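Here is the naming used below: chain letters follow the sequence lines, and residue numbers restart at 1 for every chain. Quantities reported herein were computed from a predicted structural model and do not represent experimental measurements. Just so it is clear, the values below take in all heavy atoms, side chains as well, and ignore hydrogens, waters and symmetry mates.
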2 protein chains.
Amino acid sequence: MTRDREATSRRILEAARDLFAEHGYDQVTMRMIASEAGANVALVNRYFGTKAALFAEALATGSTIEAVIAGDPAGLASRLAHRLAVRLQSGVTEPVTRMVDRAGTSPEIRAILHAHVEATVVKRIAAQLEGPRPEQRALLAATMILGTGSVRRLFGPGVIEEVAVEEVEERLREMFAICLRP
Amino acid sequence: MTRDREATSRRILEAARDLFAEHGYDQVTMRMIASEAGANVALVNRYFGTKAALFAEALATGSTIEAVIAGDPAGLASRLAHRLAVRLQSGVTEPVTRMVDRAGTSPEIRAILHAHVEATVVKRIAAQLEGPRPEQRALLAATMILGTGSVRRLFGPGVIEEVAVEEVEERLREMFAICLRP
DNA sequence: TTGACAAGTAAACAAGCGTCTACTAACTCT
DNA sequence: AGAGTTAGTAGACGCTTGTTTACTTGTCAA
């Protein structure tokens, strides 16, 4: 047994991110995380304090939605639509988004997620928008992003038929255009 | 103490519906339900079997979304947009929708919710649509409905500014029109 | 080589959960 | 009026949870 605090805590964080994304906050236990990381339960608390704090840290790592939002504002609607269409159809999703979809319901966890979505999605989309009340329109886009997550959570991957993917993506693009226009 | 099985079980069911809607499946305990209903915990299990079965029964009662979906297909987008705009802005929401928003994450509960959303939202919207693949388009509408729930859950009521409500509703209407068109 | 510090472990803690059993008390029917 | 049925109750059961404590073991500087 090699003793390496940094490596162990990183394994714990990765295990937490994957498990929270897969099963949601409530369904994941500290023992599951420790087992997945090949570490002792006590270490999880020692290194990260509480379960909620670990969740907050896991949330902050490995997000790629910022990359989709960043870039040419003119293509934002297209990029978001593509991301969502792929997400609805395939089994591959982004850990952070899934974490939001499958969030627990306790006030503490909700507050953590609220802060995260506001900072990484709403504020960043709003920053790209011209015209009045950019945050209200960014919120509509967030509605679609989170709604896709809910649908995929309830209906599972592959809910969009293969032949319809392109058409769905086009409709999503038009819907995003309505959200985002001034 | 008057002894009335029917009245007691009805109070339990109502308490369950309200509490599940307010706090979500995971956060509500059998003891909370019993206390809210002014009944003994054992009666909840006696009358409804298990917590999951009680949830399923509570889900089936008191839904009004069907009424919004039913009616003139031409006005469907408008009605849905109005419902969602009101829901985003005010504190008043529909118990069943909140129950879906705040769903627990266990596979059993997810399956119950999946069946419910598919039967009461997707199938009913799809039944109103002309053209090919009505279910795929109904699913997009469900995305918006569930997404509104997620946003409201995370951001709280009043996330839409008073002055922007009408404009948001108009955007929602256009977005629904894109979902629903043939 | 040794001793101190830190990484890792095992076990227990207290609390909360859903559920069940044994009991009491009210209502109904003859 | 009394027996039988049934609504309602109290309490415990077994289990799981997040967290902590006391301990062991590996590592590295002196």
Side-chain angles (χ1 to χ4, degrees), chain A residues 1-20 22-59 99 102-113, chain B residues 1-17 19-20 22-59 99 102-112:
Chain A
M1 166 63 69
T2 116
R3 291 160 54 113
D4 186 337
R5 176 179 179 137
E6 193 188 345
T8 301
S9 65
R10 193 185 55 247
R11 284 205 319 278
I12 291 172
L13 193 60
E14 286 167 2
R17 194 219 307 140
D18 294 346
L19 286 170
F20 283 142
E22 187 61 30
H23 303 106
Y25 183 81
D26 293 326
Q27 298 301 308
V28 173
T29 69
M30 300 295 264
R31 284 166 180 82
M32 285 168 66
I33 295 169
S35 167
E36 179 76 16
N40 189 279
V41 202
L43 290 183
V44 184
N45 282 287
R46 171 122 86 213
Y47 294 157
F48 296 94
T50 66
K51 186 185 180 185
L54 172 59
F55 180 77
E57 283 210 44
L59 201 56
M99 241 181 281
R102 307 200 165 178
T105 44
S106 81
E108 184 183 12
I109 298 306
R110 222 185 310 151
I112 291 173
L113 284 166
Chain B
M1 166 63 68
T2 113
R3 293 158 50 114
D4 187 337
R5 176 178 181 139
E6 193 189 343
T8 301
S9 65
R10 194 184 56 244
R11 285 204 319 276
I12 290 172
L13 193 60
E14 286 168 2
R17 194 218 307 137
L19 287 170
F20 283 142
E22 187 62 30
H23 304 106
Y25 183 81
D26 293 327
Q27 298 301 309
V28 173
T29 69
M30 299 295 266
R31 286 167 179 82
M32 285 169 64
I33 294 169
S35 167
E36 179 76 15
N40 190 278
V41 202
L43 288 184
V44 184
N45 281 289
R46 172 122 80 211
Y47 293 157
F48 296 94
T50 65
K51 186 185 181 185
L54 173 58
F55 179 77
E57 282 211 44
L59 200 57
M99 241 181 280
R102 307 201 165 176
T105 44
S106 81
E108 183 183 12
I109 298 305
R110 221 185 310 150
I112 291 173

Rounded to the nearest Å, what distance is computed from the [atom1] atom of residue [X] to the [atom2] atom of nucleotide [N]?
{"X": "B:D26", "N": "C:dC17", "atom1": "CG", "atom2": "C1'", "value": "12 Å"}
{"X": "B:L43", "N": "C:dT19", "atom1": "CG", "atom2": "C1'", "value": "13 Å"}
{"X": "A:Q27", "N": "D:dT16", "atom1": "CD", "atom2": "P", "value": "14 Å"}
{"X": "B:F20", "N": "C:dG18", "atom1": "CZ", "atom2": "P", "value": "9 Å"}
{"X": "B:R5", "N": "C:dT28", "atom1": "CZ", "atom2": "C1'", "value": "16 Å"}
{"X": "B:D4", "N": "C:dC27", "atom1": "CG", "atom2": "C1'", "value": "12 Å"}
{"X": "B:N40", "N": "D:dG11", "atom1": "CG", "atom2": "P", "value": "11 Å"}
{"X": "A:R10", "N": "C:dA7", "atom1": "CZ", "atom2": "P", "value": "15 Å"}

- Query: Base, sugar-phosphate, or nothing: which does B:V41 touch, judged by heavy atoms less than 4.0 Å apart?
  - Reply: base

- Message: Using a 4.0 Å heavy-atom cut-off, does B:F48 contact any base of the nucleic acid, only the sugar-phosphate backbone, or nothing at all?
- Response: nothing

Please pick, from [options], the nucleotide with the shortest atom-to-atom distance to any side-chain atom of [X].
{"X": "A:A42", "options": "D:dT20, C:dG8, D:dA7", "answer": "D:dT20"}
{"X": "A:T29", "options": "D:dG18, C:dG18, D:dA7", "answer": "D:dG18"}
{"X": "B:M30", "options": "C:dT21, D:dT19, C:dT19", "answer": "C:dT19"}

- Please report the shortest heavy-atom distance between B:A34 and B:V44, naming the atom on each side. CB-CG2, 4.0 Å

- Message: Ignoring hydrogens, what is the shortest heavy-atom contact between A:A15 and A:E36? Give both atom names and the distance.
- Response: CB-CG, 3.6 Å

- Taking only N and O in the side chain of B:T8, is any of them less than 4.0 Å away from OP1 or OP2 of D:dG8? yes

- Counting only side-chain N and O atoms of B:N45, is one of them less than 4.0 Å from OP1 or OP2 of C:dC20? no

Looking only at N and O atoms, is any donor in the side chain of [X] or the base of [N] less than 3.5 Å from an acceptor on the other one?
{"X": "B:R46", "N": "D:dG8", "value": "yes"}
{"X": "B:R3", "N": "D:dT6", "value": "yes"}
{"X": "B:R31", "N": "C:dG18", "value": "yes"}

- Heavy-atom check, side chain of B:F55 versus side chain of B:E108, under 4.5 Å: no

- Check whether any side-chain heavy atom of B:E14 sits under 4.5 Å from a side-chain heavy atom of B:R10, and report yes or no. yes

- Message: Could you tell me if A:K51 sits above the aromatic ring of A:F20, with its cationic atom closer than 6.0 Å to the ring centre and no more than 45 degrees from the axis?
- Response: no

